[in-house]
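Counting starts at 1 for both ligands and their atoms, in listed order. Note that the structure is a prediction, hence the values are computed from the model and not measured.
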Amino acid sequence: MDNSGCRRRRQRVVLFPIPFQGHINPMLQLANILHSNGFSITILHTNFNSSYTSNYPHFTFRPILDNDPKVNNLSKLGSRGAGDILSGVVLLNQYGEESLRQELDQMLMASKQEQEPIVCLITDALWYFTQSVADTLKLPRIVLRTSSLLCFLVFASVPFLDDQGYFKQVNSLFDEEIIDSDLKNIILASDENNFKKAGSSKSVKDLEERVLEIPVLKVKDISKMKIKGQTDPSAKILANMVTQTKASSGIIWNSFKELEEPELEKIHKEFPIPSFLIGPFHKYFPASFSSLLKPDRSFMTWLDEQAPNSVLYISFGSASQMEKQDFMEVAHGLANSKQKFLWVMREGFVKGSEWIEELPDGFLDLVGERGRIVKWAPQQEVLAHRATGAFWTHSGWNSTLESICEGVPMICSPFWGDQPLNARFVSDVLKVGVYLENGWERGEIADTVRSVMVEEEREDIRERAMCLKEKVNVSLMKGGSSYESLGSLVGYISSL
Ligand code: UDX
C-alpha cells in the first residue's frame, strides 16, 4: 500500500532498532512502509551488527553509542546467542542515555532549519531507556513491539504469575552461564531496589496444567521461557520494557487483528494508548535486505526440482543454540523420517562446535541424496517456494508470521523467551502446527515429521494454514484491518 499521494509537508521519523536479526528485520521493514507513505527516514544504529546499511540508500543512517568507552563490552558479544542479546540489551540501555540525548538534540536543532521536522522517535520496545530521553526533548516516542500481543501480555504478567507460583523450580538463561560474568553483575546491580524478592509460598504446579489466568498456555510454556520469576535479570529487563511502553505515545505491532483479537481487547484495557496492528510487515515488500548473514542460494536449483510440498524446511532462527546430544537426536530423527529437507545450520549453532562436524556418520551421504544443509537461507523465498511442505521452526515471531503468510504448516521446537508462547499459540489456538513439546527425541521427531509431511495424515493442518494465509491477504487489502490501521498510523504520526 502507498498512501504517499501526500499533500502534506514531508516529515521525518527517527527509528532505532535493537541490533539483532529478529529485531532489525521488522524495524527496517517498518521504516520501508513509512517511507513509502511519504515520511523521510533516519535510522540510528550501533556499528555492532550494522552490515545491512548499504541496502537502504533512501534512508539516512546515523551511528550511535560507538564512541562510548563504557560500551566496549559490546565487543565481547560475538556468537549471536541468547546471552549476547540479553547482555547487549542491558549494556546499551544502561549507557545509552547521554549519547542518544546529544544525538537527538543535534538532529532536532538541524531539523528546525530544514523543511523536514522530526515528528517522532520509534524504538524497539526493549530500548526502554529511550522514553526518558524522548520526554526531556518533548519528542513523542512510539514503540515497536516485534513479537505477539499474547507474548507482551504474558511478559507484563510475570510478577503476578510469580506470585501465583508459576515460576517455582524454573531454570533461568542466566543459570546456564551463557552470559559473561561482568555483564551479569551490571544487570544484577541495576535497579536492585525496584524489584521485590521472589517469595511465593504457593506449591509447585503440574507442568501439564493449563495456566488458570491465561488458559491458552500450559504451565510448562511459562517454565520454558527460562525466566526464574520477577527477580530474574531477564524479568527486570521485561519489567522496564513494560513500564516504558506504557509511558509511550503508542505501540506498533507486527501482527494483525484477526490473528489476535482477544489479546487486542486486553491490550486496549491494560495499555490505554493507541495500538496499531499493521502486520505482517514483510508482506509490504517482496524481500528482506536486512540480513546480517549472507544468504546461500546454491540449493535453489535443487529445490526447484523437488515435487510440491515435498521438502521440510528447518531453521531455528538467528540466536538459538543447541546441546550436542539434542543435535544428534535431531539428525537421527530426520534421517529416520525418510523425508527430504533443507536445513539451515548457522556456524556455532551446536554448542562447542564450529559447524556440522558433530553430524553422525553417514549423514552427509544422506544430504547428497535427499537434503541440503546451508549456513543461512533466503527464508521468505524458501517458505514461498512450492516445494516447501512444512517448516520445522524455533517459533521466533518473525519466522512464525513468515510461515503463516505462505500457508506453510509448522513443527514447533521453541528454545526460550517468547518462542514457547508462540509455539503453543500455533499448535493449540491457530492449529496450523504441531508442538514437539517433549524435547528432542529421535523417535518422536521422525513420527512427527512424517505425519506433517505426508499430506493425507495432516490434511487438516494444511487446510487451516491455507485459510489463515487468505486472512492475511484480506487484512492487507483496501478495507482490511492492517490496511486501515496503517492509514490510522500514518495519520497519527502526521498529527504529532
Ligand atoms: C529472536 C527471538 O528468538 C524471537 O523469539 C523473537 O521473536 C525475535 O528475536 P530470531 O531467533 O532471530 O528472533 O527468530 P525470528 O523472530 O524468527 O527471526 C529470524 C529472522 O531471520 C526471520 O525474519 C527469518 O526470515 C530470518 N532468517 C532466518 C533468514 O533470513 N534466513 C535464515 O536462514 C534464517
Side-chain angles (χ1 to χ4, degrees), residues 17-30 49 51-52 55 79-86 88-89 124-126 144-152 154-155 173 221 224-227 234 237-238 241 253-255 279-283 285-300 313-322 342-347 349 372-384 388 391-406 408 410 412-426:
I18 290 268
F20 295 94
Q21 190 73 75
H23 294 260
I24 290 171
N25 283 2
M27 185 65 91
L28 272 285
Q29 286 155 357
L30 174 64
N49 274 347
S51 55
Y52 52 85
N55 291 333
S79 69
R80 300 195 181 102
D84 289 344
I85 293 192
L86 282 177
V89 166
D124 195 290
L126 282 168
L144 166 63
R145 181 59 194 152
T146 56
S147 195
S148 69
L149 280 70
L150 170 67
C151 157
F152 196 77
V154 174
F155 284 174
L173 273 174
D221 304 329
K224 279 189 188 166
M225 288 172 9
K226 298 204 180 174
I227 298 171
S234 328
I237 297 173
L238 298 180
M241 173 181 84
W253 304 90
N254 190 10
S255 188
F281 296 174
H282 73 280
K283 287 298 280 181
F285 294 92
S288 159
F289 298 106
S290 47
S291 219
L292 298 170
L293 300 171
K294 194 169 176 330
D296 183 345
R297 307 180 54 85
S298 59
F299 60 84
M300 274 297 180
Y313 172 60
I314 309 164
S315 166
F316 299 124
S318 67
S320 339
Q321 287 182 299
M322 184 172 249
L342 169 63
W343 188 355
V344 175
M345 216 178 316
R346 300 179 339 263
E347 282 178 312
F349 169 65
R372 292 290 182 271
I373 294 180
V374 291
K375 291 181 180 168
W376 196 246
Q379 178 161 304
Q380 291 164 32
E381 218 178 308
V382 171
L383 288 169
T388 302
F391 180 13
W392 188 2
T393 171
H394 69 311
S395 299
W397 188 243
N398 294 293
S399 294
T400 302
L401 282 178
E402 289 161 14
S403 206
I404 286 174
C405 285
E406 301 306 335
V408 175
M410 286 168 258
C412 304
S413 290
F415 286 69
W416 44 265
D418 63 328
Q419 299 158 13
L421 313 178
N422 301 337
R424 181 65 61 202
F425 187 63
V426 162

Practice task
Report the nearest protein non-hydrogen atom to atom 14 (O) of ligand 1: residue, atom name, distance rounded to 0.1 Å.
Solution key: His394 NE2, 2.9 Å
Handout entry: Minimum heavy-atom distance between Ala377 and Pro295, given as atom pair plus value
Key = C-CB, 3.8 Å
Practice task
Mind checking the NE2-OG spacing from His23 to Ser290? Nearest 0.5 Å is all I need.
Solution key: 13.0 Å
Practice task
Report the nearest protein non-hydrogen atom to atom 20 (C) of ligand 1: residue, atom name, distance rounded to 0.1 Å.
Solution key: Asn25 ND2, 3.7 Å
Handout entry: For Ser315, the ligand 1 atoms whose distance to one of its heavy atoms is below 4.0 Å
Key = 34 (C)
Fill in the blank from the handout: For atom 29 (C) of ligand 1, the closest protein heavy atom turns out to be Trp376 CZ2, 3.3 Å
Fill in the blank from the handout: Value for CG (Leu342) from CH2 (Trp392), rounded to nearest 0.5 Å, stands at 13.5 Å
Problem - Heavy-atom nearest neighbour in the protein, as seen from atom 2 (C) of ligand 1, with distance rounded to 0.1 Å - result: Gln419 NE2, 3.6 Å
Fill in the blank from the handout: For Ser399, the ligand 1 atoms with a heavy-atom partner under 4.0 Å come out as 15 (P), 17 (O)
Handout entry: Minimum heavy-atom distance between Val344 and Lys375, given as atom pair plus value
Key = CG1-O, 3.6 Å
Problem - N or O pair under 3.5 Å between Trp397 and ligand 1 - result: yes
Exercise for the section: Give the contacting part of His282 toward ligand 1: side chain, backbone, both or neither, where contact means a heavy-atom distance below 4.0 Å. Expected result: neither
Practice task
Taking Arg346 for its side chain and Ser320 for its backbone only, find out whether a donor-acceptor pair lies under 3.5 Å.
Solution key: yes
Problem - Contact check, Tyr313 vs ligand 1, heavy-atom distance below 4.0 Å - result: yes
Completion exercise
In ligand 1, the atoms that come under 4.0 Å of a heavy atom of Ala319 are 11 (O)
Practice task
For atom 33 (O) of ligand 1, grab the closest protein heavy atom and report residue, atom and distance to one decimal in Å.
Solution key: Ala377 N, 2.8 Å
Practice task
Indicate yes or no for a side-chain donor-acceptor contact from Asn55 to the backbone of Phe289 under 3.5 Å, with no hydrogens or angles considered.
Solution key: yes
Problem - Atom pair CZ/CH2 of Arg145 and Trp397 - distance to nearest 0.5 Å - result: 10.5 Å
Practice task
Take Gln29 and Asn25 through the test side chain to side chain donor-acceptor pair (under 3.5 Å) and record every step on the way to the result.
Solution key: CA-CA 6 Å; Gln29 286 155 357; Asn25 283 2; 5.6 Å; no
Completion exercise
min-distance protein heavy atom vs atom 4 (C) of ligand 1 -> Asp418 OD1, 3.5 Å
Fill in the blank from the handout: Ranked by distance from atom 22 (C) of ligand 1, the top protein heavy atom is Glu402 OE2, 3.5 Å
Handout entry: Asn398 (side chain) donor-acceptor with Gly22 (main chain) under 3.5 angstrom
Key = yes
Completion exercise
shortest atom 1 (C) of ligand 1-to-protein heavy-atom contact is with Gly22 CA, 4.4 Å
Completion exercise
Under 4.0 Å between heavy atoms, the region of Asn398 that gets near ligand 1 turns out to be both
Handout entry: Mutual orientation of the aromatic rings belonging to Trp253 and Phe152 [parallel < 30°, tilted 30-60°, perpendicular > 60°]
Key = perpendicular
Problem - Whether Trp376 side chain and Ser291 backbone form a donor-acceptor pair below 3.5 Å - result: no
Handout entry: Distance filter under 4.0 Å to Gln21 heavy atoms, resulting ligand 1 atoms
Key = 21 (O)
Exercise for the section: Identify which of Ser395, Ser318, Ser147 has a heavy atom lying nearest to atom 10 (P) of ligand 1. Expected result: Ser318
